[in-house]
There are 2 protein chains.
Amino acid sequence: MPAARPEPFANGLNPFICFAVYSANLAFSRVYKPFLDALGLTYPQYLALVSLWAEDDQTVGQLGEKLFLESNTLTPLLKRLEALGHIERNRDPADERQVRVRLTAKGKALREQARCVPEGILEASGMKLDALHELSSQITALRERLLAADAKKPR
Amino acid sequence: MPAARPEPFANGLNPFICFAVYSANLAFSRVYKPFLDALGLTYPQYLALVSLWAEDDQTVGQLGEKLFLESNTLTPLLKRLEALGHIERNRDPADERQVRVRLTAKGKALREQARCVPEGILEASGMKLDALHELSSQITALRERLLAADAKKPR
DNA sequence: ATCATATATATCGCACGCGATTAAATCGTG
DNA sequence: CACGATTTAATCGCGTGCGATATATATGAT
């Protein structure tokens, strides 16, 4: 965000780091679009599958913690992934409140199809891998501070 | 994104810079929420007003270039800002295809109400202003490279 | 002047993201 | 064991983003 000087909006959106993040997120989803169209996935669906490819058999709540989403967003998204045949959703017999999300054979096979996507995005970013990781960890650290501040607010 | 090695998804979402940006954007919108609730605005509505506070009397297309949005997103958003009394939308008499967006007195007054918001976000970020600006410009540069790569794709 | 083309905005449908609420299962304390 | 409190997902409504399309205005070649 801009300096907290007398006229904080005189220079428009560019001084705002929130806008840098907002617009970079739009840019990422546009760069991903052709790759994900080929897989028949949306960008958030892809992110959910990335999490499941690393760790199968997660509950909705566990997925939500990793994606920073709640069931009101995840449940419909997971139902679409289920309709596409990539996952199965079943109540956990040991605790019927929880729903376990598991990859199907088709969902596991999609991982191989998606293998080349990260290289394509890396190329589009025009950055070296080291610089990208450095920037990524700075943005992640910022996210954690923002969420910590958010958690401090009275609910 | 992670290294383009044989198992690109073995470490889940954390190596992906796109996810860092995605989740930081969610975090920003959550930190902004209490501030914007007090103003009766959504996060994208606030961004549109920030642009108008810096430069009044923009066309829908000009606003779209600054926000990286098209009329399919902007028109409904601007209609809501109009319904809230913050802006007026009028066809440009010199070129009836264009719609000029102008702040009302209420919209200009809201700028004063919003004056203290950037400081609140700065505090929530837990960063010094210099470090924030440096990070912001790196993210903006990444956005520009991504959009340039996107523009290269056949349409 | 005419008509095809280009430009600017609006409309529609769908997939998120999320506040608010609901429903069902489990836990905790008596 | 009973029963209120807690936990987990699901549901609903609304506001974005965006692909596809529609409409109206302006431009340009003849």
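Basis for what follows: all heavy atoms, side chains included, without hydrogens, waters or symmetry-related copies. Here is how names work: the chains are called A, B, and so on, in the same order as the sequence lines, proteins then strands, and each is numbered from 1. Every value quoted in this text rests on a predicted model; they were computed, and no experiment measured them.
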### Task
Between protein and nucleotides 17-24 of chain C, map the contacts as a letter string: B base, S sugar-phosphate only, - none, heavy atoms under 4.0 Å, written 5' to 3'.
BBBB----

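- In this structure, the side chains of A/L13 and B/L47 come closer than 4.5 Å at one or more pairs of heavy atoms.
- A/T140 meets the side chain to side chain contact (heavy atoms under 4.5 Å, CB included) test with A/S136, A/R143, B/A20; sequence neighbours excluded.
- In this structure B/E144 satisfies the side-chain hydrogen bond (donor to acceptor under 3.5 Å, both in side chains) test with no other residue, sequence neighbours excluded.
- Evaluation of the side chain to side chain contact (heavy atoms under 4.5 Å, CB included) rule for B/E123 yields no partner, not counting sequence neighbours.
- Under the salt bridge (charged side-chain N to carboxylate O under 4.0 Å, His left out) criterion, B/K33 pairs with B/D37, sequence neighbours left out.
- In this structure, the NZ atom of B/K79 is 7 Å from the C1' atom of C/dA10, given to the nearest Å.
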For residues 62-71 of chain A, which side-chain donor-acceptor pairs fall under 3.5 Å, sequence neighbours excluded?
{"unit_1": "A/Q62", "atom_1": "OE1", "unit_2": "A/T59", "atom_2": "N", "d": "2.9"}
{"unit_1": "A/K66", "atom_1": "NZ", "unit_2": "A/E55", "atom_2": "OE1", "d": "2.6"}
{"unit_1": "A/K66", "atom_1": "NZ", "unit_2": "A/Q58", "atom_2": "OE1", "d": "2.8"}

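- Using a 4.0 Å cutoff on non-hydrogen atoms, the parts of residues 48-65 of chain A near DNA chain D are A/T59, A/V60, A/G61, ordered by number.
- In the 5' to 3' direction, nucleotides of DNA chain D lying under 4.0 Å from heavy atoms of chain B begin and end at D/dG15 to D/dA26.
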### Task
Apply salt bridge (charged side-chain N to carboxylate O under 4.0 Å, His left out) to B/D95 and B/R97, showing your working.
CA-CA 5 Å; B/D95 184 345; B/R97 291 173 302 182; 3.0 Å; yes

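- Residues meeting the ring pair (Phe, Tyr, Trp, His ring centres under 6.0 Å) test with B/Y46, sequence neighbours left out: B/Y32.
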### Query
Checking salt bridge (charged side-chain N to carboxylate O under 4.0 Å, His left out) for the pair B/D150/A/R30: CA distance, chi angles, key distance, verdict?
CA-CA 7 Å; B/D150 185 52; A/R30 288 165 200 179; over 6 Å; no

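- A heavy-atom distance below 4.0 Å to DNA chain D is reached by these residues of residues 86-96 of chain A, ordered by number: A/R89, A/R91.
- Listed by chain and number, the residues in a side-chain hydrogen bond (donor to acceptor under 3.5 Å, both in side chains) with A/E134 are A/Q138 (sequence neighbours excluded).
- In this structure A/D56 satisfies the side-chain hydrogen bond (donor to acceptor under 3.5 Å, both in side chains) test with no other residue, sequence neighbours excluded.
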